[in-house]
Amino acid sequence: MLQFLSLATALAAGTLPHPASAAGLNEAATAIGLEYFGTATDNPELTDVPYVAQLNNTADFGQITVGNSQKWDATEPTQNTFSFADGDAVVSLAEGNDQLVRCHTLVWYNQLPNWVTSGNWTNATLTAVMENHITKVVSHYKGRCHHWDVVNEALNEDGTYRDNIFLSTIGPSYIPLAFSFAAAADPDAKLYYNDYNLEYGGDKATAALDIVAAVQDAGAKIDGVGFQAHFEVGTVPDSASLATILTSFTDLGVEVAITEADIRIELPATEEALVQQAEDFGALAEACVGVEGCVGFTIWDYTDRYSWVPGVFPGFGAALPWDEDLVEKPAYDGLLEGLGGEAE
Ligand code: 9MR
């Protein structure tokens, strides 16, 4: 901590030369004390050779998140028949580059196969199904997942539990149960609760704090909370406010990470919006850097070529630091500066 503080202070005061090695986002992130800067990716993109060349660039990316192929519909499409080929492809690519892997995700209301959502379950039978899923998937990847998103998006905006088959059949105890099943299968993976719109504080963030406490009170292991950080440009909280929210979580003894950052812009993106986006990304990075226990920063893919945003927010896009032609946008330099690096 002291070492980190003195480095950050010295960098801010300009009394240290910019680390010669900090040419990229991951290099800047690790130089200032984070574990990694990373990106999500997905299998269809892995045939795009220029895309993969940059994905492999460990100066920028020291960590990869598996964007879709470890979700329930991908890994257990029919009951107790598991399919790991696509997830394995992403994990192997990351391992080939010595990149950390964030595995995503075990229990989520979305991307569930029909056999789960329309099953006629009792508390006992669905608990057994969840235990089997978590045990098989986590065991398959044992030792290879730096982080696991164990439970994803379990909350509504008002802080109540989001309705899903697990809540309605098992009750809120499905959350601590999921964590205990994951911990049993891979004691070394860092186990996370992951959600969006926690970054402003308020009811949803308070409920997420309650989830951490509930898992801890149940005697199960929870190591971290992921702040997805899906934003619209100009709505990102300032770094001091976000740092305060992040700290309210680390005060409970868990780490935090920015896990899915993107900042969408109404199209066509103006120069002004791109500059604001750079500032916004910088503020997010600065908040993480300023909180002991904020371990890393991940963007939800790195290029506008493969962003989920235009498909879900019609008229919006341009949400990532590289454009559709894989060219760095101002957001790249914004991130680099937020990470204490030097933009060109
Ligand atoms: O990027 C993912 C996209 O390809 C899928 O269609 C979508 C389905 O819901 O999920 C996207 O990833 C989500 C992530 O798993 C959880 N947080 C929100 C992400 C963006 O929707």
Side-chain angles (χ1 to χ4, degrees), residues 38-48 51 55 61 63-77 86-87 89-91 94 101-114 116-117 133-134 137 141 145 147-157 162-166 175 178 182 191-200 204-205 208 211 224-233 235-236 256-265 284 296-322 324:
T39 179
T41 191
D42 199 5
N43 298 79
E45 304 145 31
L46 301 183
T47 56
D48 178 339
Y51 168 86
L55 188 66
F61 306 128
Q63 176 270 335
I64 299 279
T65 300
V66 185
N68 274 311
S69 47
Q70 291 176 325
K71 292 172 179 173
W72 200 313
D73 60 353
T75 51
E76 195 185 2
D86 282 353
V90 178
V91 172
V101 179
R102 184 177 175 91
C103 294
H104 174 85
T105 178
L106 296 167
V107 179
W108 188 27
Y109 75 94
N110 204 354
Q111 288 175 275
L112 283 173
N114 280 339
V116 176
T117 48
H133 179 78
I134 292 173
V137 176
Y141 289 107
C145 300
H147 294 170
W148 252 118
D149 283 327
V150 176
V151 176
N152 196 43
E153 300 172 7
L155 293 169
N156 294 313
E157 296 309 295
R162 187 195 287 273
D163 190 26
N164 65 35
I165 187 76
F166 307 103
I175 298 175
L191 305 182
Y192 270 66
Y193 176 71
N194 189 51
D195 213 331
Y196 60 93
N197 284 352
L198 305 178
E199 298 86 4
Y200 303 105
K204 195 171 184 180
I211 284 179
V225 174
F227 285 65
Q228 294 184 6
H230 294 292
F231 288 105
E232 183 179 340
V233 71
T235 70
V236 171
V256 293
I258 305 294
T259 53
E260 306 186 6
D262 51 26
I263 303 178
R264 61 188 176 273
I265 294 176
L284 289 177
F297 194 115
T298 307
I299 48 180
W300 202 242
D301 222 314
Y302 73 85
T303 160
D304 296 333
R305 189 180 289 184
Y306 297 120
S307 172
W308 69 295
V309 166
V312 175
F313 297 95
F316 285 80
L320 293 165
W322 278 259
E324 291 189 7

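Order of listing sets the numbers, starting from 1, for every ligand and every atom in it. Position 1 is the first residue of the sequence; numbering continues from there. Note that the coordinates shown come from a computational prediction; the quantities given were computed from them, not determined experimentally.
- When all heavy atoms of Thr41 and Asp301 are compared, the pair lying nearest together is CA-OD2, 3.9 Å.
- Annotation: ligand 1 has protein neighbours Asn68, Lys71, His104, Trp108, Asn110, Gln111, Asn152, Glu153, Gln228, His230, Glu260, Trp300, Trp308, each with a heavy atom less than 4.0 angstrom from the ligand.
- Tyr192 meets the ring-ring contact (aromatic ring centres under 6.0 Å, His included) test with His147; sequence neighbours excluded.
- Annotation: ring-ring contact (aromatic ring centres under 6.0 Å, His included) contacts of Tyr306 (sequence neighbours excluded): Tyr51.
- Phe316 and Phe313 have perpendicular rings, their planes meeting at more than 60° on a 0 to 90° scale where under 30° would count as parallel.
- Donor-acceptor pairing under 3.5 Å is recorded for the side chains of Asn152 and Gln228.
- Applying the side-chain hydrogen bond (donor to acceptor under 3.5 Å, both in side chains) test to Thr65 and every residue at least two apart in sequence or in another chain returns Gln63.
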